[in-house]
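Right, one structure below, let's go through it.
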Amino acid sequence: MARDPKHDVLFRPIKIGPKTLRNRFYQVPHCIGAGSDKPGFQAANRSIKAEGGWAGINTEYCSIHPESDDTHRLSARIWDAGDVRNLRAMTDHIHQFGALAGVELWYGASHAPCMESRATPRGPSQYASEFETLTYCKEMDLDDIACVQQYYVDAAKRSRDAGFDIVYVYGAHSYLPLQFLSPYYNKRKDKYGGSLENRARFWLETLEKVRHAVGADCAIATRFAVDTLYGDAGVEVERDGVKFVELADPLVDLWDVDVGDIAEWGEDAGPSRFYLQGHQVPWTRFIKQIAKKPVLGVGRFTDPEKMTEIVTKGIADIIGAARPSISDPWLPKKIEEGRYDDIRVCIGCNVCISRWEIGGPPMICTQNATAGEEYRRGWHPEKFPKRGSEDSVLVIGAGPSGAECARVLLERGYAVHLYDTAAKIGGHLNSVATLPGLGEWGYHRDYRELQINKLIKKNKSSQLALSQKPMTADAALGYGAEKIVVATGSSWNTDGTNCLSHDPIPGADAGRPDQLTPEQVLEGRKAIGKRVVILNADTYFMAPSLAEKLAVAGHEVTLVTGVHLANYMHFTLEYPNMMRRLHELHIREVHNAFASRIEKGRLEVYDIFGDGSKRTYRGPGVLPRDANRSHRWVEFDSLVLVTGRHSHAGLFKELKDRRAEWEKNGVKDVYVIGDAEAPRLIADATFSGHRLAREIEESNAQLPLPYKREVAVWGVAHLPGSRFEIEYKT
Amino acid sequence: MKILVAVKQVAALEEDFEFRADGRDVDGDFLVMDLNEWDDYSLEEAVKIKEACGGAVEIVAVSVGPPTVDEALRKCLAKGADRAVRIWDEAMRGSDSIAVARILAAAARAEAPDLLFAGVQSSDQAVAATGIATAGFLGWPHAAVVSQFTYTPGAATAVLRRELEGGLLHELEIRTPAVLTIQLGINTPRYASLRSIKQAAAKPIELRTLADLSLNAAEVGEAGSSARVRRMYVPDKGRAELIEGSAAEQAKRLAAIIRESTGAA
């Protein structure tokens, strides 16, 4: 099928300086956890996007010098010839598919803690980072300014040597050039501070120097947060924003614009919980009116209609995307081929981002289980090896892991029966997606539902059996499948079992009329009283989401939390607005507190750190601290227990116990995946289903095959021509 | 006791398709074939009767078509049919609903079932005539659009409900042998397990020809059909116009369009 002609505009080439983008799809710089140290990961992840039709593909932020060292987070680096060699793998592989490769040259100032290099970052003025803890920079004098600008120039030359077509001077997310521009950071009184012209000077000079060095060979791009969203304390688009664009326009070949800063960069990478597709347009639309150079903008664009509108209405020339390109590296190709149904739409959960925020483990994606696995496991998002046997597979449970497992097995040509008691694919995601702001998470289910239905039409021995009776071990053994995959999910504990005591809470019982599990709240069958207490020992979205849902419905909600409330939402950038939401709904938060027992209408709450601070040995049977005397009663009409989850492991256990019956029933192996194995993120549940489907022929497919590791190799120096041996300076 | 379940392998369009050179049908390369949805329900209704009486019922799935139809018949075997019969002769190509009904009636005479179930209609052609026309050839009692069915094997009559317009139900008592066309929703069709799919793959599909059913070539195919497809085509798309401007301008334009399309001056 050909693409809809109205999307033709997205496929028109566009010139950026000395280079030409083949179409309007552009992967803006984004982190993946590869940097310069995992060149295989970097090359495979990015070049699959080139294969999938993107015209320009960038590194993550790429440090220009050890003075900008972001350790504990993972950036790329182009500090020396060793980095050039490693990044060359990325540019070569991108070029094979006809796309342009870009590098985002980055200097962080105080935001980069330099924990590996122990260098001193330099900034426009001395300030303590609002993003990084305990990091100050040195205020640059004029020599420092010239020195750091030379770092950019040298890094740009190395970038050209590494094969990059597009060289960025990165000034979004409150990194150095923007720090000079913004009065929030820049308190200087010299020619680099004060007026806009002065504050812009560092950035303009840097662009000029980089352009002079490599501008004949490379397109010069700049990433600019056109509004830092603090009003006149920072950059405002209609004031400094457009004026800066006017000044810098002659020096750039490509504008890459967004909003926000680094401390709350969820305002740029807006989670779907709070922001719709195109949410930055009210700010970024001003730039195209000023710039004579091509402009690209982001905003989690996944829909070709919206993209077309952005281009035809003159809001931007090019569609920038980070998350949509992770979720579907073949997004442009699918639009080009008119395969709109096959687009794996980003759900905006920001779990990809969470890994960078955590400090650099490989990126994962809830929708695309192959993200980050391209090189190390050899997984292509759109290509699957043919089935390795004639075995048929029964997958019990059509939630995220079961549905993904079935989808990949079907792609591989296996006969698969996917079986569930529910009337719809999706498992617990069907109810999670009804929580406030999480509707787009349902795209995870929708993608699998559509693909499985398509694949089953082609594979006649396969079946999607929904609304079925719960599968028993007898029925599973007699089903006629050679392989049985148990994906029966998990549920919230009904007895208060939690990560703090690892035991039930006396009196906790969701069978009682005034206590509920999250599932019971979402089902809506059990009456909920006016005063609700949510007892929390979970560090992700469930407790705050339920608090929001119930407060909006008119309940008086108190959150009692024994763990850092919504801690994981720091990593997904949802935390700041989630907290604002709780506050504006007048939800009472009781932190560092948990429950020791529950009675009808009340729970006994204690402070986690209410026991004595002095630890002394007092003999067996006696605690080493003074007793906790902080206990008090809190009343409720309804209590919601968000204390922990447990796997539905019964079916798997029984099937394992009855191994002796496998052979006579023709069963070769039984596996457990997803939450049924251990409760986890939806992304990880999806991964576990995908992984098994890829490796099901292995003799012990329950356990993953080893993956290809990328680590420093003893005996080989990073810097070409240098020595690897231990060498003391004596 | 025997129940004959007449089934059809229906075609669904691929996203892209082309017509056959003669312009009378879609090119078979662009069709995805499957068992007609209604037939899932009529087969299930037969299986339910069999299960309710402990098994003394033989269910025979029958279809008219070339060897590719075996796939649909195997699905019936996997879901509980005891036997599958495919009727085919090249002369049958081009048969319309009435000609197919003539063939099915001949098969019913040979099998002598107590009940003959068919779907209300097929999802691809939607003529909704085959079942009742079969009853006509056989001269058997019949009921269309059956949404509920009660029958004890061996009894001389069955009780059924039919859907009528406006939410009304029609409750009938009917003598057997009878022909019933079964409506969607009468039951919840089961899924075949992998075991039954594998077992079905090993079962034979019985073939009947024109001669087996004492039919002649003039009674089937295009020769025996009362209707002939002239052409199949995609109709021209309708026009759409976005009316812009003030409310008064929009009303004026709308009035002009109405006048144009109704032929008013």
Side-chain angles (χ1 to χ4, degrees), chain A residues 1-4 6 334 337-342 390-396 398 406 409 414-421 423 450-469 471-472 474-485 664-668, chain B residues 7 9-18 26 28-37 39-41 43-44 51 63 67-80 84 123-124 184-185 187-203 205 234 237 240 242:
Chain A
M1 207 166 151
R3 68 170 182 255
D4 190 321
K6 73 183 167 201
K334 289 176 184 177
E337 292 172 358
R339 293 165 52 206
Y340 301 100
D341 281 357
D342 293 338
E390 294 297 314
D391 293 342
S392 56
V393 188
L394 169 64
V395 180
I396 305 161
L409 288 167
Y414 278 99
V416 181
H417 282 206
L418 177 59
Y419 188 102
D420 203 296
T421 52
L450 204 145
Q451 294 300 316
I452 287 168
N453 277 305
K454 272 193 187 182
L455 288 161
I456 274 176
K457 268 189 204 151
K458 288 188 217 153
N459 185 331
K460 300 287 186 182
S461 345
S462 294
Q463 231 164 53
L464 174 58
L466 298 171
S467 303
Q468 297 298 296
K469 286 179 292 193
M471 180 66 82
T472 61
D474 280 336
L477 288 170
Y479 197 87
E482 280 84 12
K483 304 218 159 149
I484 301 172
V485 179
K664 72 170 186 220
N665 282 292
V667 173
K668 293 181 183 168
Chain B
V7 302
Q9 189 179 43
V10 293
L13 292 179
E14 293 266 19
E15 277 175 29
D16 280 327
F17 62 87
E18 289 171 17
V26 172
D29 290 350
F30 300 96
L31 296 174
V32 184
M33 310 306 287
D34 203 355
L35 182 64
N36 182 34
E37 191 182 359
D39 302 343
D40 255 336
Y41 291 81
L43 180 70
E44 177 68 24
E51 284 178 347
S63 190
T68 48
V69 169
D70 285 354
E71 189 180 274
L73 286 168
R74 291 212 186 279
K75 199 164 175 180
C76 297
L77 289 169
K79 290 185 178 206
S123 59
D124 54 355
L184 301 178
N187 53 43
T188 308
R190 72 197 59 203
Y191 295 100
S193 70
L194 279 160
R195 184 170 306 286
S196 49
I197 291 172
K198 286 172 188 169
Q199 285 164 349
K203 282 192 185 172
I205 289 176
V234 180
K237 283 197 182 136
L242 184 63

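Labels below follow one simple rule: chain letters A, B, ... track the order of the sequence lines, proteins then strands, and each chain is numbered from 1.
Looking at residues two or more places apart in sequence or on another chain, you find a salt bridge (charged side-chain N to carboxylate O under 4.0 Å, His left out) between B:Asp124 and B:Lys8. Checked against salt bridge (charged side-chain N to carboxylate O under 4.0 Å, His left out), A:Glu390 has the following partners two or more places apart in sequence or in another chain: A:Arg387.
With a 4.5 angstrom heavy-atom cutoff, B:Ala12 does not touch chain A via any of its atoms. With a 4.5 Å cut-off on non-hydrogen atoms, A:Asp341 touches chain B through its side chain but not through its backbone. With a 4.5 Å cut-off on non-hydrogen atoms, A:Lys469 does not touch chain B at all. The contact between B:Asp16 and chain A is made entirely by side chain atoms (from C-beta outward), counting heavy-atom distances below 4.5 Å. If you measure heavy-atom distances from B:Glu14 to chain A, you find no contacts under 4.5 Å at all.
With rounding to the nearest 0.5 Å, the separation of OH in B:Tyr191 from NE2 in A:His417 is 10.5 Å. Atoms NZ and NZ, on A:Lys460 and B:Lys75 in that order, are 7.0 Å from each other to the nearest 0.5 Å.
Considering only heavy-atom pairs separated by less than 4.5 Å from chain B, the leading option among A:Ser462, A:Ser392, A:Ala2, A:Ala475 is A:Ser392. Of the listed residues (A:Gly666, A:Ala415, A:Ser461, A:Gly478), the greatest number of heavy-atom pairs within a distance under 4.5 Å of chain B belongs to A:Gly478.
Between A:Glu482 and B:Leu194 there is no side-chain heavy-atom pair separated by less than 4.5 Å.
Residues B:Arg195 and A:Asn665 share a closest heavy-atom pair of NH2-O, 3.1 Å.
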